[in-house]
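Below, read A as the first sequence line, B as the second, and so on, with proteins coming before strands; counting in each chain starts at 1.
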Number of protein chains: 2
Amino acid sequence: MNHSAQTKPDYERELRRAGVRITRPRRVILDILAATEDHPDAMEIFQRASTIDKSISLSTVYRTMKLLEGMGAIHRHAFEGGPARFEQASGDHHDHLIDLDTGDVIEFHSNRIEELQDEIARELGYEIVHHRLELYGRRRKASARK
Amino acid sequence: MNHSAQTKPDYERELRRAGVRITRPRRVILDILAATEDHPDAMEIFQRASTIDKSISLSTVYRTMKLLEGMGAIHRHAFEGGPARFEQASGDHHDHLIDLDTGDVIEFHSNRIEELQDEIARELGYEIVHHRLELYGRRRKASARK
DNA sequence: AATGCAATTGCAAATCGTTTGCAACTGAGG
DNA sequence: CCTCAGTTGCAAACGATTTGCAATTGCATT
């Protein structure tokens, strides 16, 4: 079926280990997530799933996403106005730059920023559990280069 | 802590200048916002308004918030799960640290982080229109100091 | 392979925060 | 104090997500 197992985490194994049943709907959704490079929302996942198995319901997509999120297998993002979007948790931590014109999501990471965040939290007497850094912008016009 | 009129923007003047009517509901909501130090959500504003004028509706609160947001008079924040929360736009720009246990919102600002954000966006060929940086954490135990 | 039962499903209805259509009302300029 | 577009309250509509429930289905056991 699919060859390159490299970037695709073995969710089934993880789920089994967590003691959850591997049902047909879950298998379909898991396959979709494993093959996904972007940040789809529940409806998109539902639609992709429907092309494989018409009987899968949107509720099951939501329930499965919640399950996977609880296991730490995926991350849920709530970008400005709009439904939650999901992505595999397998890769390294990163933040997001959202293209306001296209809705594209670009990932980036800055150790320096993370350090500064920790520092700030510490100074305020807090310990960061998680954070959210989203940049909303638009492509710079070529002429505006400097 | 607060030196009278200084921290309270004159919304009425601003609204009038923008050509919108100063109605009784708006005056009430404006007064509440001007007197507010925290980040209330629409329902909270509605409740505070109700104690002054029972006839004010939640719809009007929402409509007024949207109006003010459009004018740039207030900022709307969508913290994790939960309704939008508002705050006056008058002060300096800042980001937020949310106490996961109490829901408290602490404001902070880091020029260094902002600079790094700009730098990152620029490198990716983007121009930041706005951003969102939220730290979610809990108070550090006194014993954990270092 | 057949059995048993809790986990899981699909569906419809419920929920939450927010927006909207509409008829009644009201601010502010004449 | 008239006029009338701007504004309101109400209820219904909305989009995203969750939930109750009865029917179904994994899967551990025979």
Quick one, give me the B/S/- string for nucleotides 23-30 of chain C, reading 5' to 3', where B means a protein heavy atom under 4.0 Å from the base and S means that only happens at the primed atoms, P, OP1 or OP2. ---BBS--

What about the rings of H93(A) and H130(A), do their centers lie closer together than 6.0 Å? no

Taking the six-membered ring for Trp, are H96(B) and F79(B) ring centroids under 6.0 Å apart?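 Here the rings of F79(B) and H96(B) have centres that are less than 6.0 Å from each other.
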
For R26(B), answer base if it contacts any base atom (sugar-phosphate contacts may also be present), sugar-phosphate if it contacts only those atoms, and nothing otherwise; contact means non-hydrogen atoms under 4.0 Å.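 Contact class for R26(B): sugar-phosphate only.
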
Basic-acidic side-chain contact under 4.0 Å: [X], [Y]:
X	Y	result
R112(B)	E115(B)	yes
R76(A)	E69(A)	yes
R48(A)	D38(A)	yes

Under the side chain to side chain donor-acceptor pair (under 3.5 Å) criterion, do Q88(A) and H39(A) qualify, and how do the steps go? CA-CA 9 Å; Q88(A) 302 179 49; H39(A) 302 67; over 6 Å; no

Go through it in stages, so that I can follow the logic: the residues are V105(A) and H77(A), the test is side-chain contact (heavy atoms from CB on, under 4.5 Å), and I'd like the CA-CA distance, side-chain angles, deciding distance and then a yes or no. CA-CA 11 Å; V105(A) 175; H77(A) 300 295; over 6 Å; no

Is there a side chain to side chain donor-acceptor pair (under 3.5 Å) between E87(B) and H94(B)? Walk through the geometry before answering. CA-CA 11 Å; E87(B) 77 176 307; H94(B) 55 254; 3.0 Å; yes

Of all the heavy-atom pairs spanning A42(B) and F86(B), show the shortest one and how long it is.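 Minimum heavy-atom separation between A42(B) and F86(B): N-CE1, 3.8 Å.
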
Find the distance E44(B):CD to dG17(C):C1' and express it as a whole number of Å. 13 Å

May I have the distance from R63(B) (atom CZ) to dT20(C) (atom P), rounded to whole angstrom?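 R63(B) atom CZ is separated from dT20(C) atom P by 10 Å.
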
Run the side-chain contact (heavy atoms from CB on, under 4.5 Å) test on F46(A) and D41(A) for me, step by step, so that the C-alpha distance in whole Å, both residues' side-chain angles and the decisive distance to 0.1 Å come before the verdict. CA-CA 9 Å; F46(A) 167 64; D41(A) 60 38; over 6 Å; no

Provide the start and end nucleotides, 5' to 3', of the part of DNA chain D that has atoms under 4.0 Å from heavy atoms of chain A. dA16(D) to dC27(D)

Looking at DNA chain C, which of residues 46-62 of chain A put a heavy atom within less than 4.0 Å of it? S55(A), I56(A), S57(A), S59(A), T60(A)

